[in-house]
Amino acid sequence: MAEYTLPRRLTAEALGSFFLFAGVLGSGVMAENLADGNVAIALLGNTLATGAILFVIIAMLGPVSGAHFNPAVTLAFAIRREIGWREGAAYVLVQLAAGAMGAWAVHLMFDLPIMQLSTKAREGIGQWTGEGIATFGLVFTILALVRVRRDAIPMAVALYIVAAYWFTSSTSFANPAITVVRSLSNTFAGIAPGDVPGFIAAQIAGTILAVVLAGWMFEGGISPRTSSPE
């Protein structure tokens with residue numbers, strides 16, 4: 001990423017976050033509208049669209065910014081000293097801002113109130129455990145492949161999220177920024193604002209565990225690296 005200036009990297013993070021968050025929320029709205037009450041079919045549509053957009057944006061923007069689009073991923077690389085904390089904070093702010101714009105764009109496209117809050121309850125130990133596991137698996141996948149096979153990251157991340165939508169109780173948010181933004185949308189993929197802190201706490205715990213385990217397994221510890229995540 002050294003050849004790209006910070007404004008270009010932040011723009012890449014903004015574009016990726018916009019399309020990822022819009023993809024998750026928009027496909028949820030479309031799937032629910034077309035599924036005629038069949039939640040499994042709606043979730044399948046939401047899943048496939050999310051996996052597809054993930055592959056595209058990571059493959060396209062990864063060489064520019066590292067394709068984080070997720071504060072958990074940014075936190076992982078900050079802990080590993082592969083991105084500075086100040087730069088990481090800028091990444092997170094851009095992810096949140098662009099992601100919120102993605103949600104509002106979805107509301108506009110589907111003739112919904114642009115400003116809204118979700119009422120969908122997602123709470124309890126089962127949901128939090130699902131989020132911790134989902135985020136651990138996502139971050140570990142990225143950190144492992146950064147070490148052993150970078151070219152597989154776009155496909156691996158997309159496939160992991162497709163799977164985790166179905167094997168985790170929380171349907172794998174695995175992203176603090178999208179968790180916040182989904183609280184701003186009272187649609188299929190939403191989450192009540194009061195349930196956001198529990199999800200984020202579980203996501204941070206999963207991230208830290210993934211960093212520690214990946215550092216031990218692949219590098220013998222957490223140490224500075226000079227190569228980019230993508």
Side-chain angles (χ1 to χ4, degrees), residues 1-31 45-78 80 82-84 87-106 108-109 134-135 137-165 172-179 181-182 189 207 225-230:
M1 290 187 294
E3 68 270 25
Y4 292 98
T5 62
L6 181 59
R8 287 183 172 87
R9 281 178 272 153
L10 293 178
T11 299
E13 283 295 300
L15 284 171
S17 298
F18 177 91
F19 281 105
L20 173 59
F21 293 21
V24 171
L25 290 167
S27 65
V29 174
M30 180 68 81
N46 193 203
T47 302
L48 294 176
T50 300
I53 196 64
L54 266 171
F55 177 84
V56 172
I57 60 177
I58 295 172
M60 175 174 57
L61 299 171
V64 181
S65 70
H68 295 194
F69 318 135
N70 183 341
V73 176
T74 302
L75 174 62
F77 285 116
R80 288 161 54 96
E82 296 184 29
I83 185 173
E87 184 179 341
Y91 266 48
V92 172
L93 288 174
V94 165
Q95 291 158 4
L96 282 164
M101 287 189 284
W104 295 331
V106 167
L108 183 63
M109 286 191 291
T135 310
L138 173 64
V139 174
F140 189 85
T141 296
I142 294 168
L143 297 183
L145 290 174
V146 160
R147 180 69 173 174
V148 301
R149 191 177 168 189
R150 290 172 182 265
D151 63 321
I153 289 176
M155 180 62 75
V157 169
L159 290 175
Y160 175 82
I161 290 298
V162 167
Y165 257 63
S172 184
F173 286 40
N175 182 330
I178 204 168
T179 303
V181 170
R182 286 167 75 158
T207 298
R225 291 169 56 88
T226 57
S227 57
S228 66
E230 278 287 336

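None of the values given here were measured: they were computed from a predicted structure.
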Could you state the interatomic distance from [atom1] ([X]) to [atom2] ([Y]), rounded to the nearest 0.5 Å?
| X | Y | atom1 | atom2 | answer |
| --- | --- | --- | --- | --- |
| Ile142 | His68 | CD1 | NE2 | 8.5 Å |
| Leu93 | Glu13 | CG | CD | 12.0 Å |
| Glu3 | Arg9 | CD | CZ | 9.0 Å |
| Arg149 | Leu145 | CZ | CG | 8.0 Å |
| Thr135 | Asn70 | OG1 | CG | 7.5 Å |
| Trp104 | Phe18 | CH2 | CZ | 11.5 Å |

Between [X] and [Y], which heavy-atom pair has the shortest distance, and what is it?
| X | Y | answer |
| --- | --- | --- |
| Phe21 | Phe69 | CE1-O, 4.0 Å |
| Ile178 | Asn175 | N-OD1, 3.2 Å |
| Ser172 | Ile161 | OG-CD1, 3.8 Å |
| Ala174 | Leu138 | O-CD2, 3.6 Å |
| Ala189 | Leu25 | CB-CD2, 3.9 Å |
| Val106 | Ala22 | CG2-O, 3.5 Å |

**OP:** Please step through side chain to side chain donor-acceptor pair (under 3.5 Å) for the pair Thr5 and Arg8, ending with a clear verdict.
**Re:** CA-CA 5 Å; Thr5 62; Arg8 287 183 172 87; 3.3 Å; yes
Return a table of donor-acceptor pairs under 3.5 angstrom between the side chains of residues 51-63 and protein atoms on other chains or two or more places apart.
none

Original post:
Mind checking whether Thr50 and Val162 have side chains closer than 4.5 Å, heavy atoms only?
Top reply: no
Original post:
Going by the side-chain hydrogen bond (donor to acceptor under 3.5 Å, both in side chains) test, which pairs reach into residues 153-162, not counting sequence neighbours?
Top reply: none
Original post:
Got a sec, which pairs hit side-chain hydrogen bond (donor to acceptor under 3.5 Å, both in side chains) with one end in residues 15-28, sequence neighbours left out?
Top reply: Ser27-Asn46
Original post:
By ring-ring contact (aromatic ring centres under 6.0 Å, His included), which residues pair with Phe173, not counting sequence neighbours?
Top reply: Phe199
**OP:** Only counting residues at least two apart or in another chain, list the ones meeting ring-ring contact (aromatic ring centres under 6.0 Å, His included) with Phe19.
**Re:** none
**OP:** Identify, with sequence neighbours excluded, every residue that meets side chain to side chain contact (heavy atoms under 4.5 Å, CB included) alongside Val92.
**Re:** Pro71, Thr74, Gln95, Leu96
**OP:** I would like to know whether Tyr4 and Ser65 meet side chain to side chain donor-acceptor pair (under 3.5 Å); could you show each step before the answer?
**Re:** CA-CA 8 Å; Tyr4 292 98; Ser65 70; over 6 Å; no
